Amino acid sequence: MEFDIADPKLSGLGRQRIAWADSNMGVLASIKERFAKEKPLDGITVAACLHITTETANLLRTLKAGGATVLACASNPLSTQDDVAASLVEHEEISVFAIKGESSEVYYQHIDSVLDMMPQMTMDDGCDLVSRLHTLRSDQTSSVIAGTEETTTGVIRLRAMEAENALRFPIVAVNDADTKHMFDNRYGTGQSTLDGIIRATNILLAGKIFVVAGYGYCGKGLASRARGMGAQVIVTEIDPLRALEAVMDGFRVEPMDQAASEGDIFVTVTGNRDVLRSEHFKVMKDGAILANSGHFDIEIDLKSLSDISEGNSNEIRPFVQEHRVGGKRILVIAQGRLVNLAAAEGHPASVMDMSFANQALAAEWVAKNASNLKPKVYNVPAEIDREIARLKLESIGTQIDRLTPAQEEYLASWTTGT
Ligand code: ADE
């Protein structure tokens, strides 16, 4: 079996931590049990380009239980948990190509190693695997029947490909399922981003001015968690509707030009580039902390930060790089990469349970329906979304009401008024 991981000796720790995550992933566990009996992915080689975490390990085990041959590489150079990679190789016979801290060059070599094994299905987080397939390896797209995509950024890239007629096989936008983005993006990113900032710096959030750039689901979750920790939160936005929502949710909304000189901590979650740039760095307070929780490391313009910095930057703690601008210190966490996965462990298992239940069921759905699908971006079918919500409630022991026959009739009628 081929693989490239940091250290096979870490496999024992990895197995223990994967089991801990599993104990909080009840929905995925029930899907795994069914997959083991029905084998819906029999004979299919799945290439998974995902963050290699304990939660992902449980998704990959589920796919394997469903009969798939599973190959994995990282979807970010800093997000791999090396013990998990080791356990997947050692205990699950899954070919993993991922090492925490790998260079960009090795990152793409790892994607190529997975693609060299000729997968028939892709499972992507950010669209790097699919983009590689459609650019440098386009001759290989005809052997891929379908794929899935985990994140907002990846879905945006896929829709751009679809609009240009560049997409060569159908892909399910897992991110757009309600049981994914309403929970993972909001509660997962909200908590794990603070976790990454706190682990890296051990700063007190109470009383700090915390600037959240972007008020999508990730920004909403982050802003509300930061407020819960006692920070004063400022939101920056480019979308009037979202800005208004932030105002009505009780946050201060300001342009970044104004917030830049006020904030103690800045976190970008926009999905766009250069959200923090030189004119902002120049007016920041001494000791300002900058982090990114968007998919790519483009939201903080690190090139211009390094251009205007005096002298060399220094790593003053693990994951904390100090720059000097106009004599003031600016601290960047995790090289501007996803702070929640680079400096912490990513979203907790119980929220990834729903995201990865969507991945597993979307894989089953595309495997079954691939021959009838076009090279387009598909949504997760609504029945799957609702079923995941139902299973999640069941797994946490929460019961809900049912409509009475009179209520059903009332909802179906249009004649009843006052
Ligand atoms: N994305 C965010 N958190 C994650 C996690 N724990 N595992 C995999 N992907 C993630």
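What's counted below: heavy atoms across the whole structure, side chains too, no hydrogens, waters or symmetry copies. Computed from a prediction, not measured in an experiment: that's the story for all the values here.
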Do Tyr378 and Ile171 have side-chain heavy atoms sitting under 4.5 Å apart? no
Does NZ or CZ of Lys32 lie under 6.0 Å from the centre of the six-membered ring of Phe35, at an angle within 45° of the ring axis? no
Please confirm whether Arg227 makes a cation-pi placement over Phe251, using NZ or CZ under 6.0 Å from the six-membered ring centre and within 45° of the ring normal. yes
State the CD-CZ distance between Glu164 and Arg159, to the nearest 0.5 angstrom.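 The CD atom of Glu164 sits 15.0 Å away from the CZ atom of Arg159.
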Rounded to the nearest 0.5 angstrom, the CD1-CG distance for Ile197 and Asn340 is 9.5 Å
Residues [X] and [Y]: side-chain donor-acceptor under 3.5 angstrom:
{"X": "Asp249", "Y": "Tyr215", "result": "yes"}
{"X": "Asn175", "Y": "Lys180", "result": "yes"}
{"X": "Arg402", "Y": "Gln407", "result": "no"}
{"X": "Asp184", "Y": "Thr189", "result": "no"}
{"X": "His347", "Y": "Gln191", "result": "no"}
{"X": "Glu150", "Y": "Gln359", "result": "yes"}
{"X": "His295", "Y": "Thr151", "result": "no"}
{"X": "Ser87", "Y": "Ser11", "result": "no"}
{"X": "His51", "Y": "Asn76", "result": "no"}
{"X": "His181", "Y": "Asp176", "result": "no"}
{"X": "Thr53", "Y": "Thr56", "result": "yes"}
{"X": "Ser350", "Y": "Asn24", "result": "no"}

Checking Gln335 against Asp297 for the side chain to side chain contact (heavy atoms under 4.5 Å, CB included) test, could you report, in this order, the C-alpha distance in whole Å, the side-chain angles of both residues, the deciding distance, and whether it holds? CA-CA 8 Å; Gln335 302 163 30; Asp297 58 342; over 6 Å; no
Kindly say whether [Y] contributes a backbone atom to a donor-acceptor pair with the side chain of [X] at under 3.5 angstrom?
{"X": "Glu102", "Y": "Leu78", "result": "no"}
{"X": "Asp22", "Y": "Ile18", "result": "no"}
{"X": "Asn292", "Y": "Arg337", "result": "no"}
{"X": "Asn379", "Y": "Pro381", "result": "no"}
{"X": "Lys39", "Y": "Ala65", "result": "yes"}
{"X": "Lys285", "Y": "Ser261", "result": "no"}
{"X": "Thr193", "Y": "Gly190", "result": "no"}

Would Val172 and Glu149 count as a side chain to side chain contact (heavy atoms under 4.5 Å, CB included) if you check the C-alpha gap in whole Å, the side-chain angles of each, and the deciding distance to 0.1 Å? CA-CA 6 Å; Val172 182; Glu149 169 55 54; over 6 Å; no
Pair Glu2, Ser95 - check side-chain hydrogen bond (donor to acceptor under 3.5 Å, both in side chains), show working. CA-CA 6 Å; Glu2 286 183 57; Ser95 285; over 6 Å; no
Taking everything shown except Gln109 itself, do over 12 heavy atoms lie less than 6.0 Å from its CD?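 Yes, because the 6.0 Å sphere around CD of Gln109 holds more than 12 heavy atoms from other groups.
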With side chain to side chain contact (heavy atoms under 4.5 Å, CB included) as the test, would you mind laying out the steps for Leu222 and Val267 before giving the verdict? CA-CA 9 Å; Leu222 180 57; Val267 185; 3.5 Å; yes
With a cut-off of 3.5 Å and sequence neighbours excluded, list every side-chain donor-acceptor pair involving residues 124-131.
from: Asp124; atom 1: OD1; to: Leu129; atom 2: N; distance (Å): 3.4
from: Asp124; atom 1: OD2; to: Leu129; atom 2: N; distance (Å): 3.2
from: Asp124; atom 1: OD2; to: Val130; atom 2: N; distance (Å): 2.9
from: Asp128; atom 1: OD1; to: Arg157; atom 2: NH1; distance (Å): 2.8
from: Asp128; atom 1: OD2; to: Tyr107; atom 2: OH; distance (Å): 2.7

